[in-house]
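Presented below is the structure to which this report refers.
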Amino acid sequence: MATDKKPVQPLLTGDRTIPPEGAKMITIYIMGRQYRVPETLTVMKAVEYAGYQYVRGCGCRGGICGACATYYRFVGDYRLRAGLACQTVVGPEMIIAQLPFFPANRPDYDLDGMKGDLHAELRSLYPEVFKCIGCGTCTRTCPMDIDVMDYIALMKRGDLKGAAKKSFDCVMCGLCASRCPAQISQFTAAMFVRRLVGKYVLPRAEHLKKRVEEVVSGRYAKMLKGLMDMKPEDVKRLYVEREREPDMAEPGAWTPKDREHL
Amino acid sequence: MSGYTEELKGLIGKVESTRPARVEKAKRGEHFPSLTIKEREEWLRRYHPDYKSEGRARVGVGPNRGGVFPEEVARLLESRSMLDPDGINLGTSDYATDVLVIGAGGAGTAAALAVAASGLDVLVSTKLRHGDSNTVMAEGGMQAADQECDSPYFHYLDVIGGGHFTNSPPLVSALTNDAPLIIHWLEEMGMMFDKLPDGRMKVRHGGGTSRKRMHSAGDMTGAEIMRVLRDEARNRADRIKVLEFSPAVELLTDKSGAVCGAVLYNLETKEYYVVKAKAVVMATGGFGRLHIQGFPTTNHYGATADGVVMAYRAGVELQDMDSTQYHPTGAIYPEQNVGLLITEKVRGLGAQILNSEGTEFCFALEPRDVESACIIRECVDAGHGVVTPTARVGVWLDSPMIDMLHGTGTVRKELPAKYIQFKRYNIDISKEPMLVYPTLHYQNGGVRIDEFGGTSLKGFFAAGEVTGGVHGKNRLMGNSLLDVLVFGRRAGIAASECAKGLSETPAPTLEHVKKFHGELKKAGIKDPVKGPMLLPAYAPDHVKKRQWG
Ligand SMILES: Cc1cc2nc3c(=O)[nH]c(=O)nc-3n(C[C@H](O)[C@H](O)[C@H](O)COP(=O)(O)OP(=O)(O)OC[C@H]3O[C@@H](n4cnc5c(N)ncnc54)[C@H](O)[C@@H]3O)c2cc1C
Ligand code: SF4
Ligand code: SF4
Ligand code: FES
């Protein structure tokens, strides 16, 4: 067993940055204005440390909502870089500008009405996708390391399933579209393609279809009513006694002893 | 190169030395014994933050007067309106609609789609962009009993047992009964679920489940749900109008006390708008950004309990608002990832929780509150926590076990987002474990509702994290995404029915606010803060001191 150590009280400071004693400070430029902030912060926390309170440009703070698209450069370096403010760590002499909003092209459509040639549907809804010039700017810009140019190429070719899988990690930050010389809104086209694939290309879950019928027939309403009317001790007993599906069982392979309540 | 310091690498050595034997045991299907119900109760009482007496306060006004809540919540329940109820012209409205939905996360968007489907117009007020929400952040998955070995009956037992039998039974029944319908609805809308080649849903266990019923879409389940719902809402622009950056700050009530609209506030122009509606659905989500007891949080930027505050002022009772879910595994290292949620899926795939000696000290899939209590106990009481360079304390989450159990590449395939988030700081989680500690995750309680999302006020419905009762005092993973969709849809349908029953929109007043302000005075509450909070402020003290206005 473990050796004894002194109990420790964890440090709880919410989401505010309290830099440790002697933290190294660096210079950054927020929209051109100079500030000093502790190193190792994300761009988002550095902006807040400088005193800003976000209205736009901040959502999940966890790299998944795409609200915080950011462009930056380092003083003296010609390269323009892009990232998510909540995921990118500040560096010395960084010049930061967030992209609070980007107008994307997104035509409305009726998903249920699409049954025939899916590639043709893409072509009529997003003709500009087929005008990609293959410059690769989008791929270089994407903060999720998605090969955007490639999913656009797969769309052009008609491999919609491939495009759906390749674009799956997209957080819809809009950075790719903001730089595309062919004026393509790659991420909205990808959203359309993923829904097409989810509905018309991926195989449907048969067990789900069956279960939906059973639910609609009212089969479970009765069983559930039984549980609701039961004495609390009896529900507790059922809970404690319930069987657990083994961890390593393949989905659909295991059968419980109590089959009456399936 | 590794992102861990030399000292931490030394401790990882201990984890590695015990790993082969632990993997062998796991392969044989053996796991660390779960606590008995009695032990659970004791662990919770002694170690869970909800059970501490410090940091709590008694509320002096409103329907839950006398109730004890976390200080941060109590302060807001006793807050005064941002508006001067006498200074607002309610005679003309800026918007008039059949149904007003407040909050555009999963619950709000599901409600809006349901209203549109019933042929009515819906206005959606939201604080940030459409979809900036807790919903988008959910990674692990969503429960529904759709496999042959499972049924809503067993799902019900898991939910109510996980909630320590404190849940409201009719809500649990609605939740588990509708679950397969929700999955089907999403499949119809083109959501890309994880499936086996024959179309069968790839399901797995979560903490406290008796059957594998966790559905997922990579480790972006919530993001996939949210973007599909949002995309469909945009296709329904004929019926659904969304106002972004325009949070609701107050409900409007008619002379009988029924809810008939809200006042919105444009965060950019600082202008207010009066919205008249025949019914209102509250779907503002949770309260993580109140940072209860200083805990970090996994929640999105707008999770500030606004809906609870507005509803409370209008006279709606709250349920279980004293109960908070701490997710057992929030990252504490590296510093940039602090508070970041490490999805329960990691444990669902077999990763164990270990102390500084590389030893297991609890079953990794206990219900969340119990798991959190176990970790706090191990660190604070037993002193077997791992200390980081910034003095945070936590335990190991042994993710490299996953590839050893399920084959090389599983971590990258099943947890792509987590993999990237650590790789960025030179930590390869398929080879090195993560450091974790409980983090503020979910508002268990909230507005009291019935199984159709109805509240004690006519014309007022609520759904999602803003409500209480579905999960009782503890929520199991994967039931909340389900909750927001089940009750979002139900509330949307019920609100439509209610709106259809009214020939015209009643005249709105702010009488309930005046009354509440009177109560505050009478209760002797001095200098109440203004609420709802809308956005948290993270400027450091030295800057705050010098800020004007
Ligand atoms: C990191 C994380 C991981 C999670 N993982 C899972 C999981 O794997 N499985 C699971 O089932 N659950 C999970 N959950 C829980 C689940 O995601 C949430 O409880 C659920 O999505 C809440 O949905 P909601 O619609 O009620 O609220 P939200 O999705 O938070 O939406 C609320 C919306 O209301 C808006 N709003 C707030 N205040 C106002 C106002 N005053 N006026 C207008 N709009 C306002 C917000 O901006 C937001 O858009 C997770 C939560 C988090 C944070
Ligand atoms: S594909 Fe485009 S919108 Fe999606 S994450 Fe990458 S840059 Fe952002
Ligand atoms: S930036 Fe535009 S044109 Fe260039 S590769 Fe990407 S999609 Fe094609
Ligand atoms: S705030 Fe959501 S991705 Fe950065």
Side-chain angles (χ1 to χ4, degrees), chain A residues 2 5-8 10-16 20 40 42 48-49 51 53 55 58-65 67 89 108-109 111 168-169 191 194-195 198-199 202-208 211-212 215 220 223-224 227-228 232 238-239 242 244-247 251-252 254-256 261-262, chain B residues 29 128-129 132 136-137 146-149 151-153 156-157 161 165 169 173 177 180-181 183-184 190-192 195 198-201 203 210-212 218 223 231 235 267 291 294-296 300-301 335-336 340 355 357 359 380-381 383-385 390-393 416 421 437 537-540 543:
Chain A
K5 282 192 199 157
K6 265 212 210 88
V8 262
L11 179 72
L12 295 172
T13 59
D15 221 5
R16 269 201 308 155
T40 80
T42 58
E48 288 175 335
Y49 187 85
Q53 187 183 28
V55 173
C58 173
C60 65
R61 304 171 73 93
I64 192 70
C65 77
V89 176
D108 290 347
Y109 58 95
L111 187 69
F168 188 80
D169 292 345
M191 182 73 237
R194 280 193 304 274
R195 289 188 65 194
K199 187 171 172 90
L202 295 184
R204 289 304 183 90
E206 290 303 321
H207 56 95
L208 174 64
R211 181 53 46 86
V212 166
V215 172
Y220 300 108
M223 288 184 206
L224 292 167
L227 285 172
M228 278 192 281
L238 287 175
Y239 174 69
R242 75 209 199 290
R244 187 169 187 276
E245 183 177 354
D247 287 310
W254 177 77
T255 327
H261 295 106
L262 295 180
Chain B
L128 304 167
R129 303 175 313 162
D132 290 346
V136 79
M137 304 186 75
D146 60 16
Q147 303 275 331
E148 293 85 343
C149 66
S151 79
Y153 174 92
Y156 180 102
L157 284 177
F165 308 95
S173 171
N177 184 73
L181 308 180
I183 302 279
H184 184 65
M191 171 161 166
M192 288 178 62
K195 290 178 174 179
D198 65 352
R200 178 178 288 279
M201 294 287 177
V203 284
S210 64
R211 304 293 144 88
K212 295 186 187 177
D231 196 59
N235 280 344
L267 286 174
H291 293 294
F295 270 84
H300 84 114
Y301 188 49
E335 195 62 17
Q336 301 90 325
L340 180 81
N355 63 19
E357 301 299 313
T359 312
V380 176
D381 214 52
H384 296 149
T390 49
R392 297 185 192 268
V393 185
Q421 269 163 333
Y437 194 75
Y538 292 127
V543 176

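Note: hydrogens, waters and symmetry copies are ignored here, and every other heavy atom, side chains too, is used. Letters go in sequence order (proteins before strands), and every chain restarts at 1.
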Shorter than 4.5 Å, heavy atoms on both sides: which option in [options] has the most such pairs with chain A?
options                        : value
B:Q421, B:E148, B:M201, B:R200 : B:R200
B:H300, B:K212, B:Q147         : B:K212
B:V543, B:D231, B:I183, B:D198 : B:D231

How long is the gap from [atom1] on [X] to [atom2] on [Y], to the nearest 0.5 Å?
X      : Y      : atom1 : atom2 : answer
A:E48  : A:R61  : CD    : CZ    : 4.0 Å
B:Y301 : A:Q53  : OH    : CD    : 4.5 Å
A:C58  : B:D132 : SG    : CG    : 8.5 Å
B:M137 : B:L340 : CE    : CG    : 7.5 Å

**Message:** Using heavy-atom distances under 4.5 Å, tell me whether A:R194 contacts chain B through its side chain, its backbone, both, or neither.
**Reply:** both
**Request:** Tell me, for A:P251 versus chain B, whether the close heavy atoms (under 4.5 Å) come from the side chain, the backbone, both or neither.
**Result:**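 Both the backbone and the side chain of A:P251 come within 4.5 Å of chain B.
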Between [options], which residue shows the highest count of heavy-atom pairs closer than 4.5 Å to chain B?
options                : result
A:T42, A:T255, A:V89   : A:V89
A:M223, A:R204, A:E206 : A:R204
A:L227, A:L111, A:D169 : A:L227

**Asked** Does A:L224 reach the side chain of B:P152, with side-chain heavy atoms less than 4.5 Å apart?
**Response** yes
**Request:** Classify the angle between the aromatic ring planes of A:Y239 and B:F165 as parallel (below 30°), tilted (30 to 60°) or perpendicular (above 60°).
**Result:**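 The rings of A:Y239 and B:F165 stand perpendicular, inter-plane angle above 60°.
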**Asked** Listed by chain and number, what are the ring pair (Phe, Tyr, Trp, His ring centres under 6.0 Å) partners of A:H261, not counting sequence neighbours?
**Response**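 B:Y153.
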**Prompt:** Given that the side chain runs from C-beta out, which part of B:R211 has a heavy atom under 4.5 Å from chain A: side chain, backbone, both or neither?
**Reply:** both
